[in-house]
Amino acid sequence: MLDAKLFRSELEQTAARLKQTRNYSLDVAQLDQLEQQRKALQVRTESLQAERNASAKSVGQAKARGEDISDLLASVNDLGDQLEAAKAELNDVQETLHSIIAGVPNIPDSGVPLGADENENQEISRWGQPRQFDFVIKDHVDVAQGLQNGMNFDQGVKLAGARFVVLQGQIARLHRALSQFMLDLHTEQHGYSEAYVPYLVNQDTLFGTGQLPKFGEDLFHVQGATENATALSLIPTAEVPLTNLWRDEIADEAQLPLQYAAHTPCFRSEAGSHGRDTRGLIRQHQFDKVELVCLTRPEDSMNALETLTGHAERVLQLLELPYRKVLLCTGDMGFGSCKTYDLEVWIPSQEKYREISSCSNMGDFQARRMQARFRRKGANKPELMHTLNGSGLAVGRTLVALLENFQQADGSVSIPAALQPYLAGKAQLSAG
RNA sequence: GGAGAGAUGGCAGAGUCCGGUUUAAUGCACCUGACUUGAAAUCAGGCGUGGUUUUGCGACCACCGGGGGUUCGAAUCCCUCUCUCUCCGCCA
């Protein structure tokens, strides 16, 4: 959520900036009118409340002195009705305002290139060389089929439906090894503290990170067993529970930066993705991810984004997977982000780099929604922190990249050295 | 699943029966100042969050788990939801 002040004192500039960067149209006239109503109604409501408080107090005092209070009561008779009406009106206006403001995306950092869509993203760097194969390569689905059919989409369909998979045998083991490897790397070498978190979260939590109110259709919602059970939703990323750890909390400045890593499944409805990436493991309703979250002081967040992205890159480097780092343009960035790097891994069968990590600095956008704050040493007012998150990495897609990039002519798959300890020292998965 | 008890400011903890100078006592923590070479101790003062309004000082409003109600007035009474704890039952 943007600072409400931007909609009051800098409405025109804010609208222009949102249009320029996000192609987001703010109804300036409507907002301006609502804001004027809000102001008038709020002043009126509060002065009525003050009046009510004062009269209630004098009633109390008169009564304490044993005086007759019927005159006093008569004089405040219609106050309640007036107040109630004013409150109701104010409430309406504020709800309308809030619902508009809660749906406005973050304003990108000035360093982010302007652009309409992914075609105008900026490649920052490349690491590694896509391998030259001297045989006809298979995609990961066929590679896995050669490995005792360890990736079974028919079984996924049978058990759950389209975009679900069952992994078995050495593929399942590889999948587990990858997440363990990533989590160990980040906790042991990059200073993240490991967390195990709920996979189902409530609506406040989803609002905090920005999934609600606008993106509810991207989630799976779970109806509790009882009629009025709390509405819960499956997390689309561990960013949601991890960042919300500090919702409605005030950290000491010395506690920052806070760094959390968690390995969780992620659930996405993929509404609107029909027909995209239908083959293979690239786009599933359920996938595992090791997520990194960092909470910082405002002045530290841009550096922290570089550091955090570096941590995700380190996974790819250790796994010897060629990738490129892309700075997303304003039009391609997520709703709450002010700056995002995507890491894209080389997928040989597609001869393309595909997203495997997205690292974002959300600025104070999420922190304002969830009132995640910190107090500077000596300062009295708490201040919003900045929140960052990044995949380190998406496990399923890493599995895909590994199978494809390290496939051998005989159908086996070699294992990068860094990962071998997690596979009982095996240097390859053998076909058969 | 059954029975009971609770939820108060960063923490602890009074107030709730019997609604009214309680915009919440007190203690701890924290901040400022005094004393001290410095620190500790002591003393004095300050010290919640959000919001509105104001050039500023300030004034005002809301918040005692969430929501609703009764009332001139609610931390206090009523309804409801959520959560926590204790005991019993069941259980990975």
Side-chain angles (χ1 to χ4, degrees), chain A residues 1-9 31-32 34-98 101-102 196 198-208 212 222-233 241 244-256 258 295 364 366-385:
Chain A
M1 215 155 54
L2 297 174
D3 191 337
K5 290 192 187 81
L6 291 178
F7 298 103
R8 294 177 189 168
S9 46
L31 265 174
D32 191 49
L34 281 168
E35 174 52 25
Q36 283 181 33
Q37 285 177 19
R38 189 227 97 225
K39 195 169 185 169
L41 282 167
Q42 185 159 356
V43 168
R44 174 171 158 72
T45 304
E46 289 188 358
S47 70
L48 282 170
Q49 283 173 323
E51 204 181 322
R52 179 205 58 193
N53 291 346
S55 61
K57 195 169 179 176
S58 46
V59 169
Q61 287 169 339
K63 209 174 172 184
R65 289 192 299 265
E67 296 170 8
D68 179 32
I69 56 171
S70 51
D71 284 354
L72 268 174
L73 288 188
S75 71
V76 296
N77 218 3
D78 62 334
L79 203 62
D81 290 343
Q82 286 184 51
L83 181 56
E84 203 174 323
K87 260 184 175 170
E89 252 188 288
L90 175 62
N91 219 3
D92 278 355
V93 171
Q94 275 182 327
E95 267 176 30
T96 309
L97 266 173
H98 185 257
I101 289 173
Y196 171 81
Y199 303 158
L200 287 163
V201 293
N202 60 33
Q203 312 297 293
D204 286 346
T205 300
L206 289 164
F207 180 84
L212 293 181
V222 175
Q223 179 58 54
T226 57
E227 186 73 16
N228 42 23
T230 314
L232 296 174
S233 308
N244 272 282
L245 288 173
W246 285 86
R247 171 155 56 87
D248 293 323
E249 304 284 347
I250 300 173
D252 288 333
E253 183 178 17
Q255 288 176 274
L256 302 181
L258 287 154
L295 309 174
D364 62 13
Q366 293 179 327
R368 183 171 295 107
R369 290 175 158 249
M370 65 175 94
Q371 288 296 303
R373 293 165 297 168
F374 74 103
R375 203 186 305 271
R376 288 185 196 275
K377 192 169 159 48
N380 39 11
K381 282 283 164 197
E383 223 177 296
L384 294 172
M385 34 172 95

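We name chains A, B, ... by the order of the sequence lines, and we start the count at 1 in each one.
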G20(B) phosphate, OP1 or OP2: any side-chain N/O from R52(A) under 4.0 angstrom?
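Answer is no, no contact under 4.0 Å.
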Please report the distance separating the [atom1] of [N] from the corresponding atom of [M], rounded so that it comes out in whole Å.
N	M	atom1	value
A74(B)	U21(B)	P	12 Å
U55(B)	A39(B)	P	43 Å
G20(B)	G15(B)	P	14 Å
U36(B)	A25(B)	C1'	34 Å
A5(B)	C77(B)	P	14 Å
A29(B)	C11(B)	P	16 Å
G56(B)	A14(B)	C1'	39 Å
C17(B)	C78(B)	P	9 Å

inquiry  = Quick check for you: among C72(B), A62(B), U49(B), whose closest atom lies nearest to any side-chain atom of P382(A)?
reply    =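 That would be U49(B).
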Base-pairing assignment for [N] (Watson-Crick or G-U wobble, both under 3.5 Å):
N	answer
C43(B)	G33(B)
G65(B)	C81(B)
C28(B)	G10(B)
C87(B)	G2(B)
A59(B)	U52(B)
U70(B)	none

Just wondering, do [Y] and [X] contact through their side chains at under 4.5 Å, heavy atoms?
X	Y	answer
I101(A)	L2(A)	no
H98(A)	M1(A)	yes
Q366(A)	W246(A)	no

Open item on the list: If the condition is side-chain hydrogen bond (donor to acceptor under 3.5 Å, both in side chains), which residues does E84(A) pass it with, not counting sequence neighbours?
Closed with: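 If we apply the side-chain hydrogen bond (donor to acceptor under 3.5 Å, both in side chains) test to E84(A), skipping adjacent residues, there are no hits.
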E253(A): which residues meet the side-chain hydrogen bond (donor to acceptor under 3.5 Å, both in side chains) condition with it, sequence neighbours left out?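 E253(A): side-chain hydrogen bond (donor to acceptor under 3.5 Å, both in side chains) contacts with R297(A).
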My understanding is that only residues two or more places apart in sequence, or in another chain, count here; which of them pass side-chain contact (heavy atoms from CB on, under 4.5 Å) with Q42(A)?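 Per chain and number, Q42(A) pairs via side-chain contact (heavy atoms from CB on, under 4.5 Å) with R38(A), E46(A), L90(A), Q94(A).
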**Listed partners of T96(A) passing side-chain contact (heavy atoms from CB on, under 4.5 Å), at least two apart** =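 Here the qualifying residues are L34(A), I100(A).
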Could you tell me the separation between the [atom1] atom of [X] and the [atom2] atom of [N], rounded to a whole number of Å?
X	N	atom1	atom2	value
D3(A)	G50(B)	CG	C1'	13 Å
E51(A)	G73(B)	CD	P	13 Å
H98(A)	G50(B)	NE2	P	16 Å
M370(A)	G50(B)	CE	C1'	17 Å
E249(A)	G50(B)	CD	P	14 Å
R375(A)	C11(B)	CZ	P	11 Å
N53(A)	G73(B)	CG	C1'	9 Å
I250(A)	C47(B)	CD1	P	17 Å

Just by modelled atom types, is the [Y] backbone N or O under 3.5 Å from a matching donor or acceptor in the [X] side chain?
X	Y	result
D3(A)	K5(A)	yes
R369(A)	A102(A)	yes
D364(A)	L384(A)	no

Practice item. Look up atom CZ in R44(A) and atom CD in E89(A), then write down how far apart they are to the nearest 0.5 Å. Key: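 Output value for this atom pair is 8.0 Å.
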Item checked: Residue whose nearest RNA chain B nucleotide is more 5′ - Q371(A) or K57(A) ->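 With K57(A) and Q371(A) compared, the 5'-side residue is K57(A).
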Exercise. Which part of the nucleic acid, if any, lies within contact of R373(A), taking any heavy atom under 4.0 Å across all strands shown: a base, the sugar-phosphate backbone alone, or nothing?
Worked result: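 R373(A): backbone/sugar contact only, no base atoms under 4.0 Å.
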Could you list the protein-to-nucleotides 51-53 of chain B atom pairs, N/O on both sides, closer than 3.5 Å?
unit_1 : atom_1 : unit_2 : atom_2 : d
G51(B) : O2'    : Q42(A) : NE2    : 3.0
G51(B) : N2     : E46(A) : OE1    : 3.2
U52(B) : OP1    : R8(A)  : NH1    : 2.0
U52(B) : OP1    : R8(A)  : NH2    : 2.9
U52(B) : O4'    : Q42(A) : NE2    : 3.1
U52(B) : O3'    : R38(A) : NH2    : 3.0

Can you tabulate the close N/O pairs, meaning under 3.5 Å, that link protein atoms to atoms of nucleotides 63-71 of chain B?
none

